[in-house]
Amino acid sequence: MAADGDDAGAAVARQRLALMLQNLRKQARNKDGTPITIEQAAQHMERARPTAHRIINGLPGVRVKDHDVKSLAELFGADNETTATMLALAAATRVKGWFSRFRDVLPPGFDMYIGLEAAARAVWAYEGERVHGLLQTEEYAREILRISASDGPKAADAEFERRVAVRMRRQEILTRTDRPVDFTVVLGEAVLHRTIGGPAVMARQLQQINERGALPNVSVKVVPYSVGAHYGIDTGPFAVITFPEQGGPATAYMDNFTGHLLTHKPSDIGRFEAAAAAIDRCALNETASRNLISQRSKELSSAQ
């Protein structure tokens, strides 16, 4: 989670930069073969030891300068491409993301997830009960957000409108011209039959799912009822987020009624990736999924 005063987007970049620096430091050695210490790093950076410690460990409270990155890259023996990536991440630690002004209406920790999502190369997600937020229409999103809001906001409430705005703005990562995120989502068939907002709203929602699924960077699959028991029933909704090369390890995300979980521990990631592969094997292919979604949309349209 972003610390107080640290923007979520900056925190994401800070974390990724720290992971790169830590990996480089583990591999680097002094001439006598001994590991490079924080004290040596601080001296090379011409920074105090606590400052060097915070930068290398991704802790907030210090402004990461280009000089810091170049000095550490030189000390740790980073190549030019890696150094350029770290400089870009350092610049990102100094910039606030668009979602920073919405932090007061987001669930605790969710701003960090939005930052990760925006920085991702690819997102794989499973949803068994509702349409994924990146595919929701505004009408559908309003119904879902009304249910999840503890204070039961009305549509006219300013706070509620800001929550809707965040949901819609997040979706831009799929259609942006600069490195749109590769998004694969697997839906349980129950998502298609749970009529949120009435037949008309749900029909339009299903149409939008197929429209988004037609994008070259988006893949939508459905696990049909006929599969019976499958891994997703046990896991619940989750996502696996991967990043550009040198951007750090994959991250897994789960959300439930009590809060959010973000982890990049290799053992956890391995379990989530295995679960994702198992769920993928149960799903219909994209064409069959599109046909099933279209059929359900037509049924809802004729019921109006």
Legend entry - Under 3.5 Å: donor-acceptor pair, side chain of D268, backbone of T263: no
Legend entry - For A73 against T83, the heavy-atom pair lying closest together: CB-OG1, 3.4 Å
Inset, instruction - Please report the C-alpha distance between T82 and D79 in whole Å, then the side-chain angles of each, then the deciding distance to 0.1 Å, and finally whether the side chain to side chain donor-acceptor pair (under 3.5 Å) criterion is met. - result: CA-CA 5 Å; T82 301; D79 59 30; 2.7 Å; yes
Legend entry - N/O donor-acceptor pair under 3.5 Å between S289 side chain and N285 backbone: yes
Legend entry - Within-4.5 Å side-chain heavy-atom neighbours: R121 and R179: no
Inset, instruction - Output yes when a side-chain donor or acceptor of Q40 lies under 3.5 Å from a complementary backbone atom of T37, and no otherwise. - result: yes
Inset, instruction - Ignoring hydrogens and angles, tell me if any N or O in the side chain of N23 forms a donor-acceptor pair with the backbone of L19 under 3.5 Å. - result: yes
Legend entry - Q208 side chain reached by L135 side chain, heavy atoms, under 4.5 Å: no
Inset, instruction - Salt-bridge test for R130 and D255: reply yes if a basic N is under 4.0 Å from a carboxylate O, no otherwise. - result: yes
Legend entry - Qualifying salt bridge (Lys or Arg N to Asp or Glu O under 4.0 Å) pairs, either residue in residues 20-40, two or more places apart: E39-R49
Legend entry - Stepwise side-chain contact (heavy atoms from CB on, under 4.5 Å) test for Q171 and R212: CA-CA 10 Å; Q171 299 179 6; R212 291 291 172 85; 3.3 Å; yes
Legend entry - Exam field: side chain E127 to backbone P237, donor-acceptor pair closer than 3.5 Å: no
Legend entry - Under 3.5 Å donor-acceptor, S302 side chain and K298 backbone: yes
Inset, instruction - Assess the side chains of S294 and N291: does a donor N or O sit below 3.5 Å from an acceptor N or O? - result: no
Inset, instruction - Indicate yes or no: does R163 engage E159 in a salt bridge with an N to O separation below 4.0 Å. - result: yes
Legend entry - Y113 side chain vs Y253 backbone, donor-acceptor pair below 3.5 Å: no
Inset, instruction - Give the cluster check for L145 versus M168: same hydrophobic cluster or not, with ILVMFWY residues linked at side-chain heavy-atom distances below 4.5 Å. - result: yes
Legend entry - Side-chain touch E46/H67, heavy atoms, less than 4.5 angstrom: yes
Legend entry - Option among V186, L187, V240, V185 that satisfies the side chain to side chain contact (heavy atoms under 4.5 Å, CB included) test with Y126: V186
Inset, instruction - Please list, chain by chain and in numerical order, all residues satisfying ring-ring contact (aromatic ring centres under 6.0 Å, His included) with F183, sequence neighbours excluded. - result: H132
Legend entry - N/O donor-acceptor pair under 3.5 Å between T137 side chain and Y140 backbone: yes
Legend entry - Main-chain N/O of N30 paired with T34 side-chain donor or acceptor, under 3.5 Å: no
Inset, instruction - Ignoring hydrogens and angles, tell me if any N or O in the side chain of E129 forms a donor-acceptor pair with the backbone of V191 under 3.5 Å. - result: no
Inset, instruction - Examine W124 together with F238 and report whether their ring centres are nearer than 6.0 Å. - result: yes
Legend entry - 4.5 Å side-chain heavy-atom contact, T184 and V123: no
Legend entry - Residue pair E189 / H193, side-chain donor-acceptor N/O under 3.5 Å: yes
Could you pull out every donor-acceptor pair under 3.5 Å between side chains of residues 215-223 and any protein atom, sequence neighbours left out?
from : atom 1 : to   : atom 2 : distance (Å)
N217 : ND2    : L174 : O      : 3.0
N217 : ND2    : V181 : O      : 2.8
S219 : OG     : E286 : OE2    : 3.3
K221 : NZ     : D280 : OD1    : 3.4

Inset, instruction - Indicate whether any N or O donor in one side chain lies under 3.5 Å from an N or O acceptor in the other, for R296 and S301. - result: no
Legend entry - Evaluation steps, side-chain contact (heavy atoms from CB on, under 4.5 Å), between E138 and V164: CA-CA 7 Å; E138 184 172 328; V164 175; 3.8 Å; yes
Inset, instruction - Following the transitive rule for hydrophobic clusters with a side-chain heavy-atom cut-off under 4.5 Å over Ile, Leu, Val, Met, Phe, Trp and Tyr, establish whether M254 and I233 coincide in one cluster. - result: no
Inset, instruction - Mind running side chain to side chain donor-acceptor pair (under 3.5 Å) on R14 and T93 for me, showing each step along the way? - result: CA-CA 6 Å; R14 190 184 299 277; T93 69; 5.0 Å; no
Inset, instruction - Assess whether side-chain contact (heavy atoms from CB on, under 4.5 Å) is satisfied between E74 and H44, documenting all intermediate values. - result: CA-CA 9 Å; E74 178 185 39; H44 197 79; 3.0 Å; yes
Inset, instruction - Determine whether M86 and L24 make a side-chain contact, defined as any pair of heavy atoms from C-beta on separated by less than 4.5 Å. - result: yes
Inset, instruction - Evaluate the side-chain contact (heavy atoms from CB on, under 4.5 Å) criterion for residues T251 and R16: first the C-alpha distance (whole Å), next the side-chain angles of each, then the deciding distance (0.1 Å), finally the verdict. - result: CA-CA 11 Å; T251 296; R16 297 291 143 188; 2.9 Å; yes
